[in-house]
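Letters A, B, ... mirror the listed sequences (proteins, then strands); counts begin at 1. The figures that follow rest on heavy atoms only: side chains count, while hydrogens, waters and symmetry mates do not.
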Amino acid sequence: MSENGASPDAGEAPASYNFLQEIVAADVAAGSHGGRVVTRFPPEPNGYLHIGHAKSIVLNFGLAAMSPHGHCNLRFDDTNPETEETEFVEAIEDDVRWLGYDWGDAEYYASDYFERLYAFAVALVEKGLAYVDSQSPEDIRENRGDFHRPGSDSPYRDRSVSENLDLLARMRAGDFDEGDCVLRARIDMAHPDVLMRDPLIYRIRKAPHHRTGTAWAIYPMYDFAHPLSDAIEGVTHSVCTLEFQNNRALYDWFVANCEPPAEPHQYEFARLDLSYTVLSKRKLQQLVAGGHVDGWDDPRMPTLAGLRRRGVPPAAIREFCETIGVAKRDNLVDVALLEHVVRDHLNADTPRMMAVLRPLRVVIENWDDGRVELLRCPLDPDDPDGAARDVPLSGVLYVERDDFAADPPKKWFRLAPGREVRFRYACLFTCTDVVTDPGTGEVVELRGTWDPESLGGAAPDGRRVRGTLHWVSAAHAVDAEVRLYDRLFTTADPGAADDFLAHLNPESLETIHAAKLEPALATTNAGERVQFERLGYFCADPDRDRLDRPVFNRTIGLRDTWAKIATKS
RNA sequence: UCGGGGGUGGUGUAAUCGGCAACACACGAGGUUCUGGCCCUCGCAUUGGGGGUUCGAGUCCUCCCCCCCGAGCCA
């Protein structure tokens, strides 16, 4: 990590700059702001961070890293005491750190600036640029006009400076009730941009604040607090999402008229939208509150906490954010891209082991009674002489039910009556008998013979065996719970639907209670990642302590070409 | 309808004085293989529409169309 705490992946030269990198590069080259770049990531502590926030984090820390002495601040935008909680600031800190970023000492809170912000407001009043409005909320709305009609001046718009000063002081002192009055900027009630029609600066809130407690009875509005907080921190490039474009004129107005110590500028980019999920804080909140998921860190959630528990490596999220780019047009990124990047990272450095999810018993009839072979199996098949673990092989195994077909389709390479397959790293086996339950007709056991010449898995005569199956020795198997996750929604853009909850995928979670693991998997710690060969990537869940048995979450399945072939025919 | 901002393949980005539309994902075809994984090869868009300038336009001009954001004492 560099001194400015930015960009853990710095090093690779980007093929091309995005439009914000262009701007920053030009500013650095021109020596603007003394060649310094200061950005900030400004979450409101009223919910958990999701992958859309990751895009912003990667962007902001990355831009700061373009200058040798650049820095990205973490600033909590906590100006609304009614929705913000300490629990969320802690979760946000954890998530940013986990993602791989270090903001150093630069952890700030808008609430730390309340006194200075108040002073800016007083100065505005003294300049005749702000006034206390005593209209009711309804009248304020009514008199704001609309897109076609200009607003009309408040009857209180021309109060004297001294009266405004007095009223503002009394607002702060708590002399008024919520809704009695507000402080407003005196701009232009006929402005074509409705946000400029005398916007609110302060409103009265009697709710306790998570940091300032009951010290304040008034709280600054975002449009006032944000640009001035940026200025106080010396932020040079204030990067936000597109919906704030409308607010930029106001941002500039406050910077120009409050004369803060620095002159930050706001730039907007398109927020991330991801297919088959929702990324709005409100909707995520609904999923949690409605019990549709198991909490903010449910592995199906697009939250950073959820992705972490799912087993997604932070480096994969960073790479995903770099890959999707930054632009100004609305977008809906295919979740398949995220899945690809995740697989790519996992494939590179995840050990391989074997587990059987839906066990089917296999008896090797010509196996010597009681014989157990300890097979040395590599953790990385591309490095057969590298790290390995011992896997016991005996005469009774479990294989995947899906790997047997009584009546195999075309191109079937797996088990079927009379077919020979390879048990990975173990031996060649031919199925000779199928035992079925006389009552249900269900296949309960396979019987057959192995080729003793093939111990280790190689064909003694070089004969071709197309199918290689994973397996677990029945006597040595460890029982485990395995959770298979799928997309949370069945439609690509659930957020656009009238009722997004109607598109929830009823099969987004399948719990397998009695999966069979090879012994080496018994002792994995929470957070450890492993590939179950031929199945996918899994991550040990902390629930193992509570359930007193291994619990694995499927991060993502392997690409399954056979499933496609099978679907087509 | 007023103000602000956008339209390049199925998806997301790129094309830095106007000079062969590039990369990744997805999809399709094939190869390789002790994971039907990984890997390799090949295929897949004339840039929202019409006019104009130019030897040459995704890039410039012009008219039109479509999409997003804005009327919280939320951020």
Side-chain angles (χ1 to χ4, degrees), chain A residues 15-18 22 42-44 46 77-80 82-84 133 136-137 140-142 144-151 178-184 191-197 200-205 218-219 221-223 225-226 240-249 268 270 272 275 281 323-341 343-344 347-348 352 354 381-382 384 411-414 421-426 428 454 456-459 465-470 492 531-537 557-566:
Chain A
S16 63
Y17 280 156
N18 64 51
E22 299 275 11
E44 182 188 11
N46 69 347
D77 226 334
D78 56 349
T79 56
N80 183 354
E82 292 175 329
T83 58
E84 297 151 4
D133 192 352
S136 69
I140 288 179
R141 192 187 330 115
E142 180 59 30
R144 186 148 36 215
D146 60 28
F147 297 149
H148 311 291
R149 288 194 322 274
E178 293 188 12
D180 283 355
C181 49
V182 292
L183 184 71
R184 289 234 251 173
H191 200 107
D193 175 358
V194 288
L195 277 181
M196 296 296 274
R197 321 243 257 228
L200 274 58
I201 295 176
Y202 272 100
R203 79 288 209 182
I204 296 168
R205 279 290 172 277
I218 57 174
Y219 290 89
M221 298 289 290
Y222 167 87
D223 284 315
H226 202 84
C240 63
T241 44
L242 249 32
E243 65 269 28
F244 290 100
Q245 280 178 136
N246 297 307
N247 303 58
R248 192 174 60 235
E268 310 88 10
L272 168 66
S275 65
K281 217 183 271 187
T323 304
I324 56 177
V326 177
K328 296 188 76 163
R329 64 181 91 111
D330 295 325
N331 59 81
L332 179 62
V333 176
D334 191 340
V335 72
L337 178 57
L338 208 214
E339 294 171 345
H340 167 261
V341 174
R343 281 195 191 97
D344 205 36
N347 176 54
R352 269 65 168 175
M354 292 192 285
D382 295 326
K411 297 187 193 164
W412 179 262
F413 302 154
R414 286 117 96 142
V421 298
R422 169 168 25 242
F423 290 145
R424 176 139 242 226
Y425 300 131
L428 264 26
S454 69
V465 179
R466 294 293 301 266
T468 298
L469 273 40
H470 59 281
Q531 181 194 105
F532 290 171
E533 291 218 40
R534 300 212 306 137
L535 295 175
Y537 298 95
L558 258 27
R559 278 190 63 202
D560 190 352
T561 306
W562 167 248
K564 280 182 197 168
I565 297 170

J.: So with a 6.0 Å cut-off around CD of A:Glu82, is the heavy-atom count from everything else above 12?
T.: yes

J.: Does A:Glu22 make a side-chain donor-acceptor contact with the base of B:rU16, cut-off 3.5 Å?
T.: no

J.: Taking syn as any angle within 90 degrees of 0 and anti as the rest, which one fits B:rG72?
T.: syn

J.: Taking N or O atoms only and anything under 3.5 Å, show me the protein contacts with nucleotides 7-9 of chain B, one pair per line.
T.:
none

J.: For atom P, what is the distance between B:rG18 and B:rC55, given to the nearest Å?
T.: 16 Å

J.: Looking only at atom C1', what distance separates B:rA14 and B:rG28, rounded to whole Å?
T.: 25 Å

J.: Ignoring backbone atoms, establish whether A:Lys328 has a side-chain N or O less than 4.0 Å from OP1 or OP2 of B:rG6.
T.: yes

J.: Can you check whether A:Thr79 has a side-chain N or O nearer than 4.0 Å to OP1 or OP2 of B:rA75?
T.: yes

J.: Report yes or no: do A:Thr468 and A:Arg422 form a side-chain donor-acceptor pair below 3.5 Å?
T.: yes

J.: I'd like the C1' distance from B:rC61 over to B:rC73, given in whole Å.
T.: 47 Å

J.: Return the stems involving RNA chain B, sorted by first number, where pairs are Watson-Crick (N1-N3 with N6-O4 or O6-N4) or G-U wobble (N1-O2 and O6-N3), both under 3.5 Å, and runs are 3 or more long.
T.: B:2-7 with B:65-70, B:10-13 with B:22-25, B:27-31 with B:39-43, B:48-52 with B:60-64

J.: Determine the interatomic distance between P on B:rC2 and the same-named atom on B:rU16; round to the nearest Å.
T.: 35 Å

J.: Using a cut-off of 4.0 Å on non-hydrogen atoms, how would the nucleic acid contact of A:Glu44 be classed: base, sugar-phosphate, or nothing?
T.: sugar-phosphate

J.: Might you list the N or O atoms of the protein lying below 3.5 Å from N or O atoms in nucleotides 18-20 of chain B, with each pair's distance?
T.:
none

J.: Can you check whether any acceptor in the base of B:rC69 is under 3.5 Å from a donor in the side chain of A:Asn246, or vice versa?
T.: yes

